[in-house]
Amino acid sequence: MADHRAVEPLHHAQEPPHLAGLNPEQYEAVTAPDGPLLVLAGAGTGKTRVLTSRLAHLLVEGRARPGEVLAVTFTNKAAREMNERVEALIRRPVQGLWLGTFHSIGARLLRRHAERIGLEPNFTILDTDDQQRLLKQLLEAAGLDAKKFPARVLSGIIQRWKDRGWTPDQVPASEEGDFALGRGIELYRAYQQRLATLNACDFGDLLLHNLTLFAEHPDVLEAYQRRFRVVLVDEYQDTNVAQYLWLRLLAQHHKNLTCVGDDDQSIYSWRGAEVGNILRFEEDFRGARVVRLERNYRSTGHILGAASGLIAKNESRHPKTLWTEDDPGEPVRVAGLWDDDEEARFVGEELEALQRQGEALASAAVLVRAGFQTRAFEERFIAIGLPYRVVGGPRFYERAEIRDAIAYLRLIRQPDDDLAFERIVNRPRRGLGEATLAQLRREARASERSLVATAATLCGGDALKPKPRKALGDLLAAFERWRGLAETEPAREVAETVLEESGYVAMWQADKSPEAPGRLDNLKELAHAIAEFDTLAGFLEHVSLVMENASDPAGDMVTVMTLHGAKGLEFDTVFLGGWEEGVFPNQRAVDEGGRAALEEERRLAYVGVTRARKRSCVLFAANRRLYGHNWVSSIPSRFVDELPAEHCEFLQRDGFTATRLRSPGLPPKREGDPLARFNSAKIRKGPVIEAVAETVDDRGPEVDVGARVFHPKFGYGRVEGADGDKLDIAFDKAGRKKIMASFVEPAR
DNA sequence: GGATTGTGTATTTTT
DNA sequence: TACACAATCC
């Protein structure tokens, strides 16, 4: 993203900093008059720079005061960066901007007007874990089999509905799939009711409730419409329908909306993002000006050429051609290897070579499609003592101990937070088990009150056995005490006291598992973070909306992460692992999303290649270990074939390490030239992962994973895997089943 | 009520 | 393989 390189100035030296050194297109975008503006900014063309410069420009020119600017991003990081850069450009702090993520601004608006839609201003923001817990309860209450209908799936369905801006009443009946026997919408409604009772929201609600608020209270909407003279949006290609509607409403009065994005980098459709939003911009906002940024300041000619050739295979896109005045540089190297271990070894050796040439490890990254691929690299890097860091994984606030601690704090702030209560009633163990809890829930439901309120009543009577009654009473008394404390003491004091007195810290101190010390450290870090906040409320908001992984890249190390995680970043050298059919493009994505999903996978490939400034290296392996000891053989990704040959260098066998150590039994013995298979393999349509040789039983007919099969009762399906002589088949109509191989025959 | 054993599942994850 | 969750046992 960062473009710090000097560009020959178009205008003269007296230009203010926010206009200095812009190329003509950037200048046009930054200085464009009021009105809808779409900046189509290819990878590495200075997108963030344009956005921040425009914001600075509008402020400096007095076209808007800070309080009249709404600037939205997707990530906190982007928001922070934007703020810093604007301040750097105009050389003073800016206060009063509405600058933040969609979610944080949605929450801010919602807290102001919560009562208008039946919430209290101190509503809790639930995360995914809470959501699923709640949904699970609802599924159970509805008498549905949690195995067959996992809360995780329902949560996904509801989120997608929310992404499209649908309240339960607005979900079209045709959208009701077969989940939960066609009771999805009903469950969605029940879920929303439950949230309202809990005075809680999930992430999707932060926007959806805004939409409801605006629809039901035009006065509120109008106030904001008038207020926001300027609306700026980053990564517009990633907006979902709800966000689009929200923006359109807010920008409607002044119609002064600037959206920056790149349809070729839309990689979040599975999270509800609609590429259509950016493709349709000119229709949606009449008279919109469109500026294309096509001059790339990041990558060499070969890298750009390879990436452009690849992305040109997509049909749904705004055509654009990136160019650079840079040298062609090194061609993109493409290497085929025997298996994932060898792939990792190859990368390790390359990194060591780079290091010998004086390159910093921190300037290199290994990018993969999915998390499981990082393992081979990690093992190899550990083996050769190469410093690395894996970005991603569970976030700080998703860790169990942090969530527990936060549940205590939430409960102090909002006694009716049943989810928080359930989480910590018995952590540490207080002898309040399932039986007591079930009784509590029953009573609570009957009296339509929260668990804490019910518990208080129950402790007064003799419905509970003495032991649990005492334990529960003590806990409630403790909370009363802590709430009193919270009135006077700073948030950090409160948190520390609570964690001590509740026995929570002691619980981990007593724990002898190897993770325990780390967890205690995390709790300390949490307390440290709280110190920055005056109020518990402020901290909790921060935690649910902002808090990120504490990942300080201390020292010189290689970054290993997923392609999704790499968006917006850049490195001198990038290794792109696992370019095999099935892995990348990911089989499941293609199965579920068809051509559109394939194009998204291709965009992901494009994002990957364009992360590199100087060197890009694409890798694929003939054999790969999936979960433990399942080996799959695969053929190179079609994306490998789509890389224009004139920008690539295909490494020959000589480039590989010839000798290998192999653990017993696995995988298929190497016969002849491993590349021979690749060279002869033509990308085939249809099934892509060839076979799970080890797991298909000899007695049954050999059926390839990925094969289409027919079953007399369940109809057509696709073989997903094999276990002995049973095949794991995903039937088009009947769902996923394990079937004896002899019952099916190849389709057609 | 708590510990233990067994079973099923396994993309991507800005908030 | 690894992990989460549920059924099962003490």
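Remember, it's a predicted structure, so these values are computed and weren't measured experimentally. Letters A, B, ... mirror the listed sequences (proteins, then strands); counts begin at 1.
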### Message
What I want to check is whether the side chains of A:Asp205 and A:Gln192 have a donor and an acceptor closer together than 3.5 Å.
### Response
yes
### Task
For the side chain of A:Glu592, starting at C-beta, report the closest nucleotide among B:dT11, C:dT1, B:dT13.
B:dT11
### Query
NA contact type, A:Arg429, heavy-atom cut-off 4.0 Å: base, sugar-phosphate, or nothing?
sugar-phosphate
### Query
OP1, OP2 of C:dA4 versus side-chain N and O of A:Arg152: anything below 4.0 Å?
no
### Query
Reckon A:Ala589 touches a base, only the sugar-phosphate, or nothing at all at heavy-atom distances under 4.0 Å?
base
### Query
With no hydrogens and no angle check, do the side chains of A:Ser269 and A:Glu600 hold a donor and an acceptor under 3.5 Å apart?
yes
### Task
Scan A:Phe102 against the nucleic acid and name what it touches under 4.0 Å (heavy atoms): base, sugar-phosphate only, or nothing.
nothing
### Message
Both A:Asn586 and A:Glu434 contact DNA chain B. Taking the nearest nucleotide for each, which residue is further toward the 5' end?
### Response
A:Glu434
### Summary
A:Arg588 CZ to B:dT9 P, in whole Å, measures 12 Å
### Query
Does B:dT15 have OP1 or OP2 sitting under 4.0 Å from an N or O in the side chain of A:Asn240?
no
### Touch class at under 4.0 angstrom, heavy-atom based, for A:Gly106 against every strand present
nothing
### Query
Looking only at side-chain N and O atoms, does A:Asn76 come under 4.0 Å of OP1 or OP2 in B:dT15?
yes
### Task
Could you state the atom-to-atom distance from NZ of A:Lys148 to P of B:dT9 in whole Å?
13 Å
### Listed nucleotide nearest any side-chain atom of A:Arg375, set C:dT1, B:dT12, B:dG2
C:dT1
### Query
Does any N or O donor sit under 3.5 Å from an N or O acceptor when you compare the side chain of A:Arg369 with the base of B:dT11?
no
### Query
Where the side chain of A:Asn426 is defined as all heavy atoms beyond and including C-beta, which of B:dT11, B:dG1, B:dG2 is the nearest nucleotide?
B:dG2
### Query
Between C:dT1 atom P and A:Asp340 atom CG, what is the distance in whole Å?
15 Å
### Task
Find the distance A:Phe372:CZ to B:dT9:C1' and express it as a whole number of Å.
15 Å
### Message
For a quick test of reading the model: is some side-chain N or O of A:Thr562 closer than 4.0 Å to OP1 or OP2 of B:dT13?
### Response
yes
### Query
Rounded to the nearest Å, what distance is computed from the NZ atom of residue A:Lys162 to the P atom of nucleotide B:dT15?
18 Å
#### Entry: Spacing of A:Trp579 atom CH2 relative to B:dT12 atom P, expressed in whole Å
18 Å
#### Entry: Among B:dG1, B:dT15, B:dT12, the one nearest A:Ala435 by side-chain distance
B:dG1
### Task
Determine yes or no for a side-chain-to-main-chain donor-acceptor pair under 3.5 angstrom, with A:Asp340 supplying the side chain and A:Arg624 the backbone.
no
### Query
Choosing from B:dG1, B:dT15, B:dT12, which nucleotide comes nearest the side chain of A:Leu545?
B:dT15
### Summary
Rounded to the nearest 0.5 Å, the CZ atom of A:Phe377 sits from the CD atom of A:Glu343 at a distance of 4.0 Å
### Task
Give the rounded distance in Å between these two atoms: CD of A:Glu600 and P of B:dT13.
13 Å
### Message
Which residue in the set A:Asn240, A:Asp202, A:Thr167 passes side-chain hydrogen bond (donor to acceptor under 3.5 Å, both in side chains) when paired with A:Lys162?
### Response
A:Asp202
### Task
Please report, rounded to the nearest Å, how far the P atom of B:dA10 is from the CD atom of A:Gln587.
15 Å
### Query
A:Tyr397 side chain: which of B:dA3, B:dT12, B:dT15 is closest?
B:dT15
#### Entry: Contact summary for A:Arg160 and A:Gly272, nearest pair of heavy atoms
NE-N, 3.7 Å
#### Entry: Flag, side chain of A:Arg108 to backbone of A:Trp98, donor-acceptor distance under 3.5 Å
no
What does the list of N/O pairs under 3.5 Å between the protein and nucleotides 6-10 of chain C look like, with a distance for each?
{"unit_1": "C:dA6", "atom_1": "OP1", "unit_2": "A:Lys136", "atom_2": "NZ", "d": "2.6"}

### Message
Are the side chains of A:Phe74 and A:Thr239 in contact, using a 4.5 Å heavy-atom criterion?
### Response
yes
### Query
Under the 3.5 angstrom rule, does the side chain of A:Asn199 hit a backbone N or O of A:Leu195 as a donor-acceptor pair?
no
